[in-house]
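All heavy atoms count here, side chains included; hydrogens, waters and symmetry mates do not.
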Amino acid sequence: MKNDQLQEQHFTETDLQAEWNLLLMQLKTTDPVVHSAIKSFKLLKVDEKKIEIQYPSSSAKSEFDKVSPEFFNHFRHKVNNHSIVFDFKHEPQNLRQEVLTTKKIFEKFTEINPLLKDLDDLMKFDLT
């Protein structure tokens, strides 16, 4: 069948997120390694034929590659749209969430207002 003859039913962002969350729930029990690697991925519906998948690292993407054909096929059949294209986009800021300690927060504030450093020297704040 040619590309222009493929079915193209409408689907919503909600449909996409529901199927993604279903996959994550299944992987949590069946393949925890893949689950932990891909749980920070973001899937966004760009238009009726395009879904963008934002991933944090190439190693996480390689874990996703193990289950992606099955997921793509399942999603296309579920929404009855076989012309969907999945585009990958590397988004390294999704890689990890920084843990902000009291000391790190204070250091960020001292960058904004250097007088806080003088106040810390004078008062000897306990930032542990």
Side-chain angles (χ1 to χ4, degrees):
M1 202 183 265
K2 287 185 177 178
N3 247 1
D4 56 344
Q5 295 175 338
L6 295 175
Q7 292 181 335
E8 295 180 15
Q9 294 288 322
H10 170 73
F11 68 96
T12 65
E13 179 75 22
T14 306
D15 296 331
L16 175 62
Q17 298 307 323
E19 292 305 313
W20 177 247
N21 289 328
L22 181 64
L23 173 70
L24 289 177
M25 284 179 18
Q26 290 171 345
L27 286 174
K28 198 173 204 175
T29 55
T30 60
D31 197 340
V33 173
V34 174
H35 173 266
S36 64
I38 70 170
K39 66 183 178 187
S40 65
F41 280 34
K42 300 217 181 327
L43 276 71
L44 305 167
K45 177 183 176 188
V46 177
D47 60 34
E48 290 300 318
K49 293 184 181 183
K50 186 175 177 183
I51 293 174
E52 182 178 282
I53 301 173
Q54 297 176 355
Y55 63 97
S57 68
S58 57
S59 60
K61 185 181 179 301
S62 68
E63 288 296 321
F64 180 63
D65 289 343
K66 295 175 183 177
V67 295
S68 63
E70 186 179 326
F71 174 71
F72 295 159
N73 188 39
H74 168 77
F75 186 74
R76 286 181 179 124
H77 280 85
K78 178 82 175 187
V79 297
N80 201 19
N81 187 331
H82 297 275
S83 61
I84 297 173
V85 176
F86 295 89
D87 280 345
F88 288 91
K89 184 176 179 187
H90 185 233
E91 291 288 338
Q93 71 267 17
N94 293 342
L95 183 56
R96 63 184 163 93
Q97 296 175 349
E98 184 179 357
V99 177
L100 290 178
T101 62
T102 308
K103 185 172 183 165
K104 284 185 181 180
I105 293 170
F106 186 79
E107 288 170 355
K108 288 186 184 235
F109 280 126
T110 58
E111 290 172 11
I112 298 168
N113 187 349
L115 289 176
L116 287 174
K117 181 70 176 139
D118 295 337
L119 186 60
D120 180 39
D121 292 341
L122 181 65
M123 302 294 286
K124 306 282 188 229
F125 293 135
D126 181 16
L127 301 172
T128 56

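Listed for the N81 side chain is a donor-acceptor partner under 3.5 Å among the backbone atoms of Q9. Between the side chain of Q17 and the backbone N or O of L43, at least one donor-acceptor pair lies under 3.5 Å. Using a distance-only test at 3.5 Å, with no hydrogens or angles considered, a donor-acceptor pair links the side chain of H90 to the main chain of P56.
Looking at heavy atoms from C-beta onward, E48 lies out of side-chain contact with V46 at the 4.5 angstrom threshold. Using a 4.5 Å heavy-atom cutoff, the side chains of F11 and I84 are in contact. Counting heavy atoms from C-beta on, the side chains of F106 and T110 come closer than 4.5 Å.
Linking Ile, Leu, Val, Met, Phe, Trp and Tyr whenever their side-chain heavy atoms come within less than 4.5 Å leaves V85 and V79 in two separate clusters. Residues I53 and L24 share a single hydrophobic cluster, defined by chaining ILVMFWY side chains whose heavy atoms lie under 4.5 Å apart. Y55 and L44 fall into different hydrophobic clusters, where Ile, Leu, Val, Met, Phe, Trp and Tyr side chains are chained together by heavy-atom contacts under 4.5 Å. F125 and L115 sit in two unconnected hydrophobic clusters of ILVMFWY residues. Membership requires side-chain heavy atoms under 4.5 Å apart, directly or through other members. Neither L27 nor V33 shares a network with the other; the hydrophobic side chains, linked directly or stepwise wherever heavy atoms of I, L, V, M, F, W or Y lie under 4.5 Å apart, form separate groups for each.
Summarising the geometry of K45 relative to L16, their closest heavy-atom pair is N-CD2, 3.8 Å, with the distance given to 0.1 Å.
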Exercise. Ring pair (Phe, Tyr, Trp, His ring centres under 6.0 Å) between F64 and F41: does it pass, once the steps are laid out?
Worked result: CA-CA 9 Å; F64 180 63; F41 280 34; 5.4 Å; yes
Exercise. Could you go step by step and tell me if W20 and F75 meet the ring pair (Phe, Tyr, Trp, His ring centres under 6.0 Å) rule?
Worked result: CA-CA 9 Å; W20 177 247; F75 186 74; over 10 Å; no
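Going from atom CD of E111 over to atom NZ of K117 covers 12.0 Å, rounded to the nearest 0.5 Å. Atom OG of S68 sits about 10.0 Å away from atom CD of E70, to the nearest 0.5 Å. For the atom pair CG of L23 and CE of M25, the computed distance is 10.5 Å after rounding to the nearest 0.5 Å. Annotation: the span from E107 atom CD to L116 atom CG amounts to 12.0 Å, rounded to 0.5 Å. The CG atom of N21 lies 11.0 Å from the OG1 atom of T14; values are rounded to the nearest 0.5 Å. Rounding to the nearest 0.5 Å gives a distance of 9.0 Å between CG of D65 and CD of E63.
Counting non-hydrogen atoms of other residues, nucleotides and ligands closer than 6.0 Å to CZ of F109 gives a total of 12 or fewer.
Residues passing the side-chain contact (heavy atoms from CB on, under 4.5 Å) test with N73, sequence neighbours excluded: H77. With sequence neighbours excluded, the residues satisfying side-chain contact (heavy atoms from CB on, under 4.5 Å) with L22 are E19, Q26.
Taking the charged nitrogens against the carboxylate oxygens, D15 and K78 have no contact shorter than 4.0 Å, which rules out a salt bridge.
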